[in-house]
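Naming: A, B, ... by sequence-line order, numbering from 1 per chain.
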Amino acid sequence: MRKSLLILFVIFVTVTPAKSQIVNKIPLSIRQTGYRIEATLDPSSKTVTGKMDAFWVNKSTDLVPDIQLHLYMNAFRNNKTTMSTESGGLSGYKDADSGWIDIKSFTDRYGKDLTPGMQFISPDDGNLNDLTVLKIVLPQAVKPGDTVFIKVNFVTKLPGKIKRTGYKDDFFFVAQWFPKFGVYESVGMRYSTKGAWNCHQFHANSEFYSNHSVYDVKITVPKEYAVGTGGILISEVTPDVNGKNKILIYRAEDIVDFAWTAWPGYVVYTDQWEHVKITLLLPKERTDQVDRQFKAVKIALEYFARNVGKYPWPYLTIVDPPAKGIGAAGMEYTTIFTSESFTGVPSWYHLPEMVTIHEFGHAYFMGILASNEFEEPWLDEGVNSFWEERIMGQYYGESEGMFDHPWLKIGDKSMSRLSYINSIGRQVVSNNEYSWNYPHGTYGMMSYNKAATWLYTLMGIIGEETTNDVFREYYKKWAFRHPSGNDFVNIVNEVVKQKYGGKFGPDMNWFFSQTLYGTGICDYKVVNFYNNKLYLSDKKVNKTDSLNTIKTGSDSLYKSVVELERAGDVMLPVDVLVHFKNGEGIHESWDGKGRFKDFTYTGASKIEWVKIDPEFKIRMDVNYINNSMTEEPDRVPVRRITDKLISFMQFFISFISL
Amino acid sequence: MKIFHSIKSAVLRTMNLWKGGLIIWISSFLLVSLLAMPIKGAMNSGFGKSMITEKLVDGLNFEVFADMGTAFKTIMSFFSVGLFMIVLVGFILNAFFTGGVFNRLKGSSGKFSAGEFFSASAKNFWSFLIISLIISLIILVLAFFVIGIPLAIVGQSDNSPEGVLFRTGIIVISIYFLLLTILLLVADYARAFQVTMDKNLCFKAIGFGFSQTFNTFLSSLPLMIILLLVQLSFGWLVLKILPGMRPANGSGVFYMFLLSQMLFFLKIMLKIWRYGSVTSLMEINTLRDNTSEISSESDF
C-alpha cells in the first residue's frame, strides 16, 4: 500500500505540470494510468499532431511482458476494419474521409525505441485489417508494482464522415484520438481467472473500457476556435508566438477518456449547479435551447446525486453539435458529452432533454462505475437507459416524457418497452452477450431496451426505494472501479436480503437467470372468471376456497372462480386484484411459477373484474391486454377514437379535394 | 368593392344551398364509416373483455395498441389500404357533388331541388373530375419542385449553415401557398365556367380558369386569400377543439361526435362559400367585360 502511494506521488511529481492544479483534493481512483499530451490541431490537413507521455502501473501480482493500447482512430482507416464491416461498410467513403493514427515514435522514458516490439493484434475477431489494438512486447517484463512510462509521438487524421469522432469543414469532434491503455485485469477482477490485458478492438456498438486516469492536455488550435473538453481549463495563452493560434491547458482527473471539440461557430454559456460549473457549447441558432439544456442537466445532476451518489467533479461540459456535426451527437466521455437537437426543435418534443439526460447518465454508468461496455453493454447502456427513463418520467411526465403534444403523448419508458416487446428478435439471444455478438440487429433493443425494461420489472418487485438503495450501494462499493454484471447482481442480492430477509428466497438469482441470462418472455393472462349461483344445498363454505367474506342475510350466494395462466416462460411474482360487484376488492399474491392458478371465492357478491399486476409493475409482460378481464368492458375510449378517426378522414378528404 | 360584394353575395347563395351541403355531409359520413366501423369492430375484438381501455381514457396510448401484437398490425394494414381507397373514392365523390354545387351557385335563386342537384352533378361529373385531377396533379408536381427539390438540395448539402434548412422550409412553403392560392382560383373559375356550358369542355374551362385568374388577378387573388384565411382560421379552430377533446363517458362521446360533425358541416359550407365567392366575382367581371364591350361597340 505504501509502495503504491509512493509510486503515485512520484507519478504526480513527474507527470503533472508544475502549474496545474488538482481538480479534486483527494484522488477518486487509484490512477493506474495517466497521460500528458500536447496536441496541435491543423484544420487544413484535419490532423492532430500529438506528443504523449503516459504511464501504466502494474497493480497485479503478475509479471506482465507487454502493454496493450487502443489505437481506435484506425477503425476509420478503410472499409475492412472491424468497425466498418460491423457497420455494413462505410458507404461513400473516399480516401480523404478516412481516419487513422500513425505512431511516429514510441520509446520508454529514457528514449529507448520500443517500436521493434510493436504488433497489431485483433483479439476479438482476428481481423488482420483491423489495426485498432497495439501490443508492445517490452524489453523487460513489468514486475508487480512497477510502472511503465512511454513517450509517443503520433499523428491522428480525423475521419471526414463523423461517426462519434471526426470533422466536417471547420467543425471538429476529437475523440478516440490518442493511444490509450487497455485494462490489465488481474485474477479475480471481474471474470478473470488469470491475469491478462482486456483491450478490445473498436466496434460499431461499443468503445469504452478504460482505467480512471489523470490527463494533462495542452491543445493548440487557431485562436478563433471555441474549444470544449472533458477537462478543467488551467490556463490559456492567446495568441501563441505565431499570433495565429491559442494554447489551452486542461487537466482532468479520474475519468476514463479525454475528448474535445473545436469549432469557431460555438456560442459558450455557463451555469452553476451546487458545486458543478456547467459549460454549454452550441450553435448560435440554438440559443433558444440554452435553458432547456441547462434545466435537463441540472435535473439529472440532482436526481443522480439523490438516488445514486454524488457527481464528484466540479465541472461538466455539454456540447450540442451543429447539424453538420450530427454524427458526433449523443456521445459520452464522462465530463464532456454531446446532446442532440436541431434548430427550431419544438418544446413538446423532448429529444434534447432525453439525449442530455442519457449522455450525462453515462458519467455514472461507465464513467464512475467503469464497467466493460464491450462485454456487458447492458450494464452501461441498459442501466443508464433505465435511469434516463426514470428521470424523464419524473420530470417530463410518465406518459408524455418523449412527446408532449396535445395530439400525441408518448412516455420515454413506453418507447423502450415497445421496442422490446415488438421486436421479432426479443428471444433470439440473452441480454448477456458481447456487444458485437448480438445477432439480427438486436444490439440496441437488447442492450438498451430489454435491459431497461427488466430493470423496471425488478423495481416493480423490490420497490423504488430499495432499487435506489441498490444503486447507492453499487456506487458506494464500485465507484472508480470496474464492476461486472455479477458484482451488480451480488449488490442486488445483498440489499434485497437486508431489506426483505427471505421474502424473495435466498437471493434474487432466480430473477436474473430469467431476465438477464434468459431468453424467455413474460406473459401472464386472465383466462376467465365466472360466478355460479349456489342453491340451498350447496351453501356451505368450502374450506379450501380463497374465501374472503360472506354477507349474512343475503338472499344469494355465489361461488366465483378466477382462472389465471402463465403463457410465457418467465416466472415472476405477480399481484392479482379481484373486484366484486359490491365494491369490495381482494388482493392476491401469486408466485407466478405454475402454468395456471385458480382463485375460488364463495360470497354474496359476484366478481366484476380481475386484474393481474394492476399497477403495471411487471413491465416485461409482453401483453398487458390479457392481464385483465371484466364482464362489461369500457368501450367509450374505442368509440371516441373511432369518432375522431371519422372526423379526421372527413376533414382530410375535404382538404385534399379542391 | 367587387371583392366584398362577391363575398356577401356568396353568403346568401351558400345559405340557399344548405341542403346540398347536407347531401355532401351524409355521403362523406357514410363513406368514411365504411372504413371506420370495421376498425372499431377490430379494436373491440382485439381488446376483448380487457380493461386495458382504461389506459386510453387520457388519449392515444401506443403501448396499448402495441400489446395487440399481430392484431394491431392487421388493423394498421387494413387501415392504410382502406384509407387509400376511401380517399380515392372521396375525391371522386367530391368532384361529382361539386358539379351540383357550382351549378346551383350560378346565380339561381329558386328552391333547392335534390333532383336538379344530382342531375347537374352527373352532367358535369367528367369535366369536374378531369379539372380536379389536372389541377391536383399540378399542385403535386409543384410541391415536388417548389418544396421537395429545394429542401432536398439544402438538406443534402453538408456545407449549409445551421438553420438554413429550417429557413428554406419556411420560404418555400410560403411560396407554395401563394401558388396554391392561384391554382385554387384557376380550378374554381374553370368549374364556374364549365357549369355555364352545355357541353363538357373541361380543357377549355381550365384555359378559361387561367386567363380569368390572371386577367382579374388584382381582385381574384385578394379574394382567394381572404377566403383561404377564413378557412385556415376555421381549420385552426377545429384543430384546437377536436384533438384535445377526451370525453370519458358515452354521452360525452356522443356530444363530441355531434360537435365534430357540425364542424365538418360548417367546413363544407365554407367551401361552398368559396365556390360562391369566385362564381360571383366571375359574374361581376364578365358583366363588366360585356358592358365595356357594348360601350366599345357603341363607340364605333
Report the C-alpha separation of B:Ser136 and A:Leu658 in whole Å, then their side-chain angles, then the decisive distance to 0.1 Å, and conclude whether the side-chain contact (heavy atoms from CB on, under 4.5 Å) test is met.
CA-CA 8 Å; B:Ser136 298; A:Leu658 297 177; 3.9 Å; yes

Residues, nucleotides or ligands: over 12 heavy atoms within 6.0 Å of B:Leu30 CG
yes

When you check the side-chain N and O atoms of A:Thr630 and B:Lys49, is any donor under 3.5 Å from an acceptor?
no

Distance-only, no hydrogens or angles: does the B:Lys267 side chain make a donor-acceptor pair with backbone N or O of A:Phe655 under 3.5 Å?
no

Of the options B:Ile52, B:Thr53, B:Asn249, which is the one that meets A:Asp634 in a side chain to side chain contact (heavy atoms under 4.5 Å, CB included)?
B:Thr53

Evaluate A:Lys413 against B:Glu63 for salt bridge (Lys or Arg N to Asp or Glu O under 4.0 Å), listing each step before the verdict.
CA-CA 10 Å; A:Lys413 72 175 180 184; B:Glu63 264 191 281; over 6 Å; no

Between the OG atom in A:Ser647 and the CG atom in B:Leu263, the distance rounded to the nearest 0.5 Å is 8.5 Å

The reported gap from OG in A:Ser399 to CZ in B:Phe62 (rounded to nearest 0.5 angstrom) is 13.0 Å

Is B:Phe177 atom CZ crowded by more than 12 heavy atoms from other residues, nucleotides or ligands, each under 6.0 Å away?
no

Hey, mind stepping through B:Leu242 and A:Phe651 against side-chain contact (heavy atoms from CB on, under 4.5 Å) and telling me if it holds?
CA-CA 12 Å; B:Leu242 281 187; A:Phe651 277 100; 4.2 Å; yes

Mark yes or no: B:Lys55 above the aromatic ring of A:Phe616, with NZ or CZ under 6.0 Å from the six-membered ring centre and no more than 45 degrees from the axis.
yes

Can you confirm whether A:Lys581 is buried at NZ, in the sense that more than 12 heavy atoms of other residues, nucleotides or ligands lie under 6.0 Å from that atom?
yes

Run B:Lys40 and A:Asp643 through salt bridge (Lys or Arg N to Asp or Glu O under 4.0 Å) and show every step you take.
CA-CA 9 Å; B:Lys40 182 183 175 183; A:Asp643 289 349; 5.8 Å; no

Quick one: does B:Lys271's side chain have a donor or acceptor within less than 3.5 Å of a partner on A:Ser654's backbone?
yes

Kindly say whether B:Phe254 contributes a backbone atom to a donor-acceptor pair with the side chain of A:Arg640 at under 3.5 angstrom?
no

